[in-house]
Amino acid sequence: MLLARLAQVSREVGAASARSRKIALLAELFREAEPEDVPVVIPYLAGRLPQGRIGVGWKVLGRRVAPAAEPALTVREVDARLTRLGSVSGPGSQAERTALVGELMGAATEDEQRFLVGLLTGEVRQGALDAVAVEGLAEATGAPPADVRRAVMLAGSLQTVAGALLADGPGALDRFRLTVGRPVLPMLAHSASSVAEAIGRLGPSAVEEKLDGIRVQVHRDGDTVRVHTRTLDDITDRLPEVTSAARGLPGGRFILDGEVISFDADGRPRSFQETAGRVGSRVDVATAARAVPVSPVFFDALLVDGRDLLDLPLTERHAELARLVPEPMRVRRALVSGPEDTGTAEEFLAKTLERGHEGVVVKALDAAYSAGRRGASWLKVKPVHTLDLVVLAAEWGHGRRTGKLSNLHLGARTEDGSFAMLGKTFKGMTDAMLAWQTERLGKLAVEEHGWGVTVRPELVVEIAYDGLQRSTRYPAGVTLRFARVVRYREDKRPEEADTVETLLAAHPGVAP
DNA sequence: TTCCGACAGTGGGGTCGCAAT
DNA sequence: ATTGCGACCCCACTATCGGAA
């Protein structure tokens with residue numbers, strides 16, 4: 001199959017607004033694909049490379065190459081070239097990668113170039129990724145969408161399921177079962193603004209500590225232990241503590257879900273930055289582990305002694321977990337019977353925060369483990385802080401925000417009356433706010449840049465954020481975590497904005 | 001008819017490893 | 001030694017579609 005066909009379908013999918021139309025277009029293409037093309041066509045139309053990321057970003061792509069006049073590239077040839085590209089390393093590799101990308105782009109038509117750039121950067125912007133591709137695959141093969149979705153969750157991979165399905169038909173779906181050693185997509189949580197709201201929505205619940213670390217899925221089969229991240233990357237080699245902890249448990253075959261986090265000598269959780277730095281260290285793990293030891297803390301059991309627990313209610317899964325994992329290696333929790341018992345949950349949240357943790361996750365006791373979905377039966381509750389800051393600059397948006405000033409540079413007042421930038425945010429704006437701020441900031445502009453405008457520091461905006469973290473990038477030595485716009489405060493003058501001093505005072509111990 | 005769950009898009013900050021400077 | 005880039009951790013929020021209520 002020609003790449004040009006994929007580029008064309010991708011463009012049509014992007015142009016269609018109805019999801020059903022996108023699905024139909026994908027299904028049509030999947031039916032057309034030869035069996036040998038399927039392992040490439042499916043991930044490509046789901047907006048991903050089968051190889052995963054291959055070290056090509058905007059910089060390597062930067063140089064414009066004259067497009068080919070006629071389409072000639074086949075998907076298999078492109079796949080082979082990208083596999084080669086991904087294996088280039090060592091001195092001179094950057095130049096070689098750039099050259100290989102240049103050759104590929106030179107062989108591609110304009111439409112194909114656009115599609116390839118989207119694939120390589122992970123931004124196909126066609127309004128369809130894995131979930132829509134799954135629907136398309138179901139439609140193309142006549143398999144029930146829910147069954148295909150479940151198989152993909154269990155396989156942790158769309159293309160694996162696609163290959164089996166297109167080769168052997170709907171019967172092949174039965175082969176995808178929960179298996180030790182094969183990671184499944186983890187269940188995710190929604191947010192709630194309070195424990196009362198969460199319990200109101202869920203009824204009888206477990207309220208669990210939310211630890212600010214790295215999510216892990218731990219598989220053990222006898223002496224073999226594998227540790228996977230939320231995106232199913234294998235990080236076993238970086239976490240010897242987790243391997244030995246798993247080997248020390250009484251069960252021989254299990255899959256557990258939990259968080260890895262580092263505690264200091266006093267048993268207080270270290271900052272996310274410290275834990276993430278440790279987990280990210282790959283080269284000298286032993287040294288990193290001595291400086292920042294980590295502990296696994298589990299909260300769910302997906303499989304124990306070969307028994308698949310996914311469809312059991314949380315209560316039963318947790319009973320299995322408690323049988324297998326001793327208390328200190330489990331997340332603390334409180335049980336609440338319902339809205340009349342909200343006080344228990346409030347108290348547990350307060351204690352959890354005192355211990356230095358992020359917040360809590362409220363989980364419906366009767367809910368199954370919905371792998372790969374942001375199910376409504378887990379709700380996280382974290383305290384939210386707000387500040388009144390001043391807009392210092394704004395950047396032009398991309399995609400659906402093209403032509404709108406989107407990403408705001410945020411400043412807090414300093415002692416000398418100037419403003420210190422604390423970070424940026426593009427979150428929380430409605431389309432109406434985007435239109436308004438584009439107009440308003442345009443009038444306040446003092447300088448135009450390619451990326452946006454700097455403005456007179458006059459507009460005050462209320463910002464919500466989850467906490468403060470250290471920064472080497474910003475002048476105050478700190479930056480906001482997960483900053484988002486709440487509303488503009490036209491009733492406030494910039495002299496009334498919050499100061500760096502009060503911010504640091506509100507988060508003692510963060511500033512360097 | 002209205003409501004709401006699921007998705008995709010729009011980017012944020014930090015840290016590590018590697019290659020280039 | 002320092003800098004720049006890419007990958008991958010953490011993530012919030014809005015718009016939209018389409019099925020559920």
Side-chain angles (χ1 to χ4, degrees), chain A residues 13-14 16-23 47 52-62 88-97 120-135 149 188-191 201 212-216 229-231 233 235 238 259-260 271-284 288 358 370 372-377 380 382 384 395 397-402 404 406-410 422-434 463-474 478-486:
Chain A
V13 169
S17 63
R19 184 161 297 179
S20 50
R21 177 71 187 138
K22 292 178 192 283
I23 292 166
R53 304 308 310 256
I54 57 168
V56 176
W58 285 106
K59 186 68 184 183
V60 176
L61 285 166
V88 174
S89 68
S93 60
Q94 226 167 70
E96 192 176 345
R97 265 205 295 276
L120 289 165
T121 59
E123 295 175 16
V124 285
R125 288 177 169 143
Q126 60 182 15
L129 295 170
D130 264 23
V132 177
V134 163
E135 299 285 330
R149 202 154 47 224
L188 306 173
H190 273 299
S191 293
R201 280 161 63 181
D212 197 6
I214 306 292
R215 182 86 175 262
V216 285
T229 65
R230 194 161 90 77
T231 50
D233 277 8
I235 55 167
R238 301 183 222 166
E259 194 88 1
V260 149
S271 71
F272 173 74
Q273 282 169 302
E274 290 173 282
T275 296
R278 158 60 211 281
V279 176
S281 297
R282 279 160 283 180
V283 172
D284 186 356
E358 220 191 336
S370 23
R373 319 212 85 178
R374 206 169 273 287
S377 45
K380 55 185 160 186
K382 298 187 281 185
V384 175
E395 299 174 14
H398 300 90
R400 70 186 301 281
R401 292 191 178 187
T402 300
K404 298 283 190 295
S406 171
N407 200 7
L408 306 178
H409 295 198
L410 305 168
L422 284 178
K424 309 179 188 178
T425 187
F426 58 91
K427 294 172 182 163
M429 299 124 175
T430 61
D431 286 357
M433 286 168 78
L434 280 166
I463 298 295
Y465 65 104
D466 277 22
L468 209 56
Q469 55 184 346
R470 283 196 187 181
S471 172
T472 54
R473 174 182 317 211
Y474 293 111
V478 293
T479 186
L480 304 178
R481 195 162 181 214
F482 310 142
R484 59 266 192 192
V485 172
V486 178

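Lettering follows sequence order; numbering is per chain, from 1.
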Whether [X] contacts [N] is assessed here as follows: a side-chain N or O lying under 4.0 Å from the phosphate OP1 or OP2. Is that the case?
{"X": "Ser406(A)", "N": "dG11(B)", "result": "yes"}
{"X": "Thr275(A)", "N": "dC9(C)", "result": "no"}
{"X": "Ser471(A)", "N": "dG14(B)", "result": "yes"}
{"X": "Arg484(A)", "N": "dC13(C)", "result": "yes"}
{"X": "Arg53(A)", "N": "dC8(C)", "result": "no"}
{"X": "Ser191(A)", "N": "dC13(C)", "result": "no"}

- prompt: Are Lys404(A) and Asp431(A) within salt-bridge range, i.e. N to O under 4.0 Å?
  reply: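 Salt bridge: no.
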task: Once you apply the 3.5 Å cut-off to both distances, tell me the Watson-Crick or G-U wobble partner of dC7(B), or none.
output: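 When the pairing criteria are applied, nothing turns out to pair with dC7(B), so the answer is none.
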message: Rounded to whole Å, how long is the line connecting atom CG of Leu480(A) with atom C1' of dG12(B)?
response: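 So the CG-C1' distance, Leu480(A) to dG12(B), works out to 10 Å.
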message: My understanding is that only residues two or more places apart in sequence, or in another chain, count here; which of them pass side-chain contact (heavy atoms from CB on, under 4.5 Å) with Glu135(A)?
response: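 With neighbours one apart ignored, the set is Ile23(A), Pro145(A), Arg149(A).
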Nearest non-hydrogen partners of Ser471(A) and Tyr474(A), listed with the distance: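 Scanning both residues completely, I find the closest heavy atoms to be OG-N, 3.2 Å.
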- request: Measure from the side chain of Ser17(A), starting at C-beta and using heavy atoms only, and say which of dA6(B), dC17(C), dG14(B) lies closest.
  value: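 Selected nucleotide (nearest to the side chain): dC17(C).
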